[in-house]
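Data block below; observations after.
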Amino acid sequence: MSNVSGKSILFFSPQFFNYEKEIKIALEKLGANVIWLDDRPSNSFITKVLIRLNKNFVKNTTEKYYDRILNSIKSKHFDYILFISPESLTKTCLRKIKDQFNSSKFILYMWDSFDNKQSVELLDQFDSVLTFDSKDAATYNLKLRPLFYIDIYKEKKDIKIIYDLLFIGTAHSDRYKFIEKYIKSAFAGMNIKLYFFLSSKKLFWLKKLFNRDFSTIKYNEVFFKSLSHQDNSNFMNKSKIILDINHPKQVGLTMRTIEALGVQRKLITTNKNVVEYDFYNENNILVIDRESPKIDKTFINKPFDKADYTILNKYSINGWIDEVFC
């Protein structure tokens, strides 16, 4: 069990669907004093693109940004300094933070794979490193800790099921083509709800120009505003089955997988690694092949097997905090 009550925590992460706010709120409810700061020096479209290409493109800007931060908090003390999937952080910046707060415990949590982040060089600078990715955990000898669901994704009672299948997710990789080619026919005649999200219209047109997987997707099939957690949770509670299509390069379980556990709904997923986790139940989770998926009609009609309290607590945000700050 963690004991963050009365502890002071400095928390860095990129902005990600307001999860940084939810983590801060959860820590504060447990009695911690938390300062959250963005890992990135800017959230402009250009800055995000440059960081994704190579964070060294904005190295000078990043180091000035962190220098300003260090100057603004030089009189403070922190028991813990937590970084979640840093995108712009350089080793130089991290060493400056460690020099200034040399009595703090430094924790890194990765909710993205190292294939998608330029963070491997930072590993030896942390006292504790955890990852949601089982492959990265084995490769770098790290602690595996899957993602979590926040309280709003707890099951709601007496909700009428409206949708037979729900997909909500970022429009990346082959997701759109996969649904068009395989999923719609498998659920023909049933009520499907789709919500493809992209962070900007510029990104949509760039993907249309340079990504084959986007050649057939239409402008009016993409939403440029992310759903609130309240709306997302409402859709999930009104759905019989949640569809999860993981990134082809990602083996870690998505947030959607854990949220489906929270709302106690069945899951169809392309991530075969889900069978290795303690909440896997073949009555609740159907794993389909990405190249030739087969959706068993009997799975659609099976009743859901409720998960027990121990499992639900483990994958809650408080369960995640317990492991990260142990």
Would you sort out whether Lys154 and Asp151 count as a salt bridge (Lys or Arg N to Asp or Glu O under 4.0 Å), showing the intermediate values?
CA-CA 6 Å; Lys154 289 180 179 177; Asp151 288 350; 3.7 Å; yes
Check the surroundings of atom NZ in Lys249: do more than 12 heavy atoms from other residues, nucleotides or ligands lie under 6.0 Å from it?
no
Audit row: Gln264, Leu261, side-chain contact (heavy atoms from CB on, under 4.5 Å) steps and yes/no:
CA-CA 5 Å; Gln264 293 286 271; Leu261 173 65; 3.9 Å; yes
Should the pair Tyr19 and Trp111 be assigned to parallel (<30°), tilted (30 to 60°) or perpendicular (>60°) ring geometry?
perpendicular
Gap separating the NZ atom of Lys24 from the CG atom of Leu82, nearest 0.5 angstrom
13.5 Å
Check whether more than 12 heavy atoms from other residues, nucleotides or ligands sit under 6.0 Å from atom NZ of Lys21, and answer yes or no.
no
If you group Ile, Leu, Val, Met, Phe, Trp and Tyr by side-chain heavy-atom gaps below 4.5 Å, do Val4 and Ile25 land in one group?
no
Side-chain donor-acceptor pair present, Asp39, Tyr66, cut-off under 3.5 Å
yes
Does Ile23 reach the side chain of Val324, with side-chain heavy atoms less than 4.5 Å apart?
no
Which atoms form the tightest heavy-atom contact between Phe57 and Leu50, and what is the distance?
CD1-O, 3.7 Å
Any idea how Phe11 and Trp36 line up, ring-wise: parallel (<30°), tilted (30 to 60°), or perpendicular (>60°)?
perpendicular
Quick one, Cys93 and Thr62 - any side-chain contact, counting heavy atoms below 4.5 Å?
yes
Identify the residue among Ile317, Asn33, Ile321 that makes a side chain to side chain contact (heavy atoms under 4.5 Å, CB included) with Leu27.
Ile321
Aromatic contact between Phe178 and Phe167, with the criterion being ring centroids under 6.0 Å apart: yes or no?
no
Which of Arg40, Lys55, Lys48 passes salt bridge (Lys or Arg N to Asp or Glu O under 4.0 Å) with Glu87? It is Arg40
Report the distance from atom OG of Ser316 to atom CG of Asp322, rounding to the nearest 0.5 Å.
7.5 Å
Check whether Leu94 and Leu123 end up in the same hydrophobic cluster, where Ile, Leu, Val, Met, Phe, Trp and Tyr are linked by side-chain heavy atoms less than 4.5 Å apart.
yes
As a quick check of understanding, evaluate side-chain contact (heavy atoms from CB on, under 4.5 Å) for Asp133 and Met110, giving each step before the final call.
CA-CA 8 Å; Asp133 189 301; Met110 296 298 298; over 6 Å; no
Measuring from atom OH of Tyr109 to atom CD of Glu323, what distance do you get when rounded to the nearest 0.5 angstrom?
9.0 Å
Within-4.5 Å side-chain heavy-atom neighbours: Ile97 and Phe106:
yes
Are Leu122 and Leu130 linked, directly or through other ILVMFWY residues, by side chains that come within less than 4.5 angstrom of each other?
no
Verify the neighbour count for atom NZ of Lys64: are there more than 12 heavy atoms of other residues, nucleotides or ligands below 6.0 Å?
no
Checking Tyr182 side chain against Glu291 main chain: does a donor-acceptor pair fall under 3.5 Å?
yes
So, Lys240 side chain and Ile300 main chain: donor-acceptor pair closer than 3.5 Å or not?
yes
Roughly how far apart are Lys29 NZ and Asn318 CG, rounded to 0.5 Å?
8.5 Å
Between Asp244 and Thr254, is there a side-chain donor-acceptor contact under 3.5 Å, judged purely by atom types and distance?
yes
How long is the gap from CG on Asn281 to CG on Asp305, to the nearest 0.5 Å?
4.5 Å
No-hydrogen, no-angle side-chain donor-acceptor test under 3.5 Å, Asn246 and Thr270
yes
Would you compute the distance between atom CD1 of Ile152 and atom OG of Ser228 and round it to the nearest 0.5 angstrom?
7.0 Å
Decide yes or no on side-chain contact (heavy atoms from CB on, under 4.5 Å) for Phe12 and Leu89, but give the supporting numbers first.
CA-CA 10 Å; Phe12 291 91; Leu89 182 67; over 6 Å; no
Would you mind listing every salt bridge (Lys or Arg N to Asp or Glu O under 4.0 Å) that reaches into residues 165-189, with sequence neighbours excluded?
Asp174-Arg290, Lys177-Asp213, Glu180-Lys184
Would you indicate whether Lys306, at its atom NZ, is surrounded by more than 12 heavy atoms from other residues, nucleotides or ligands within a distance under 6.0 Å?
yes
Would you call Phe279 and Asn284 a side-chain contact if the rule is heavy atoms closer than 4.5 Å?
no
Looking only at the aromatic ring of each residue, does the gap between the centers of Phe197 and Phe17 stay below 6.0 angstrom?
yes
Could you check whether the rings of His247 and His172 sit parallel, tilted or perpendicular, using 30° and 60° as the cut-offs?
tilted
Asn234 side chain to Gln230 main-chain N or O, any donor-acceptor pair under 3.5 Å?
yes
Can you tell me if Lys91 uses its side chain to pair, donor with acceptor, with the backbone of Glu121 under 3.5 Å?
yes
Heavy-atom nearest pair, Ser103 first then His77, reads OG-CE1, 3.8 Å
Below 4.5 Å, heavy atoms only, C-beta onward: do Arg265 and Leu166 meet side chain to side chain?
no
Within the distance-only criterion (no hydrogens, no angle test), does the side chain of Ser119 pair as donor or acceptor with the backbone N or O of Pro86 below 3.5 angstrom?
yes
Identify all side-chain donor-acceptor contacts of residues 216-225 below 3.5 Å with residues at least two apart in sequence or on another chain.
residue: Glu221; atom: OE1; partner: Tyr176; partner atom: OH; Å: 2.7
residue: Glu221; atom: OE1; partner: Lys218; partner atom: N; Å: 2.9
residue: Glu221; atom: OE2; partner: Tyr176; partner atom: OH; Å: 3.1

Are Leu108 and Phe132 joined in one hydrophobic group, where the rule is that I, L, V, M, F, W and Y side chains link up if heavy atoms are under 4.5 Å apart?
no
Can you find a heavy atom in the side chain of Thr269 that is under 4.5 Å from one in the side chain of Val287?
yes
Any donor-acceptor pair under 3.5 Å linking the side chain of Asp164 with the backbone of Ile192?
no
Heavy-atom side-chain contact between Lys294 and Asp289 under 4.5 Å:
no
In terms of hydrophobic clustering (I, L, V, M, F, W, Y; side-chain heavy atoms under 4.5 Å; direct or indirect links), are Phe16 and Ile150 co-clustered?
yes
Does the side chain of Leu70 reach to within under 4.5 Å of the side chain of Phe101, using non-hydrogen atoms?
yes
Is there a ring pair (Phe, Tyr, Trp, His ring centres under 6.0 Å) between Tyr277 and Tyr315 once you walk through the steps?
CA-CA 11 Å; Tyr277 291 79; Tyr315 291 96; 7.5 Å; no
I'd like to know whether Ile168 forms a side-chain contact (heavy atoms from CB on, under 4.5 Å) with Arg256, so could you lay out the CA-CA distance, the side-chain angles of the two residues, the decisive distance to 0.1 Å, and finally the verdict.
CA-CA 8 Å; Ile168 299 173; Arg256 189 71 68 238; 3.7 Å; yes
Reference residue Ser233; test side chain to side chain donor-acceptor pair (under 3.5 Å); the match among Glu259, Lys238, Lys156
Lys156
Inspect the surroundings of NZ in Lys135 and state if more than 12 heavy atoms from other residues, nucleotides or ligands are less than 6.0 Å away.
no
Would the number of heavy atoms belonging to other residues, nucleotides or ligands and lying under 6.0 Å from NZ of Lys201 be above 12?
no
For the backbone of Gly252 and the side chain of Asn273, can you confirm whether one donor and one acceptor N or O come within less than 3.5 Å of each other?
no
Quick one: does Lys266's side chain have a donor or acceptor within less than 3.5 Å of a partner on Phe299's backbone?
yes
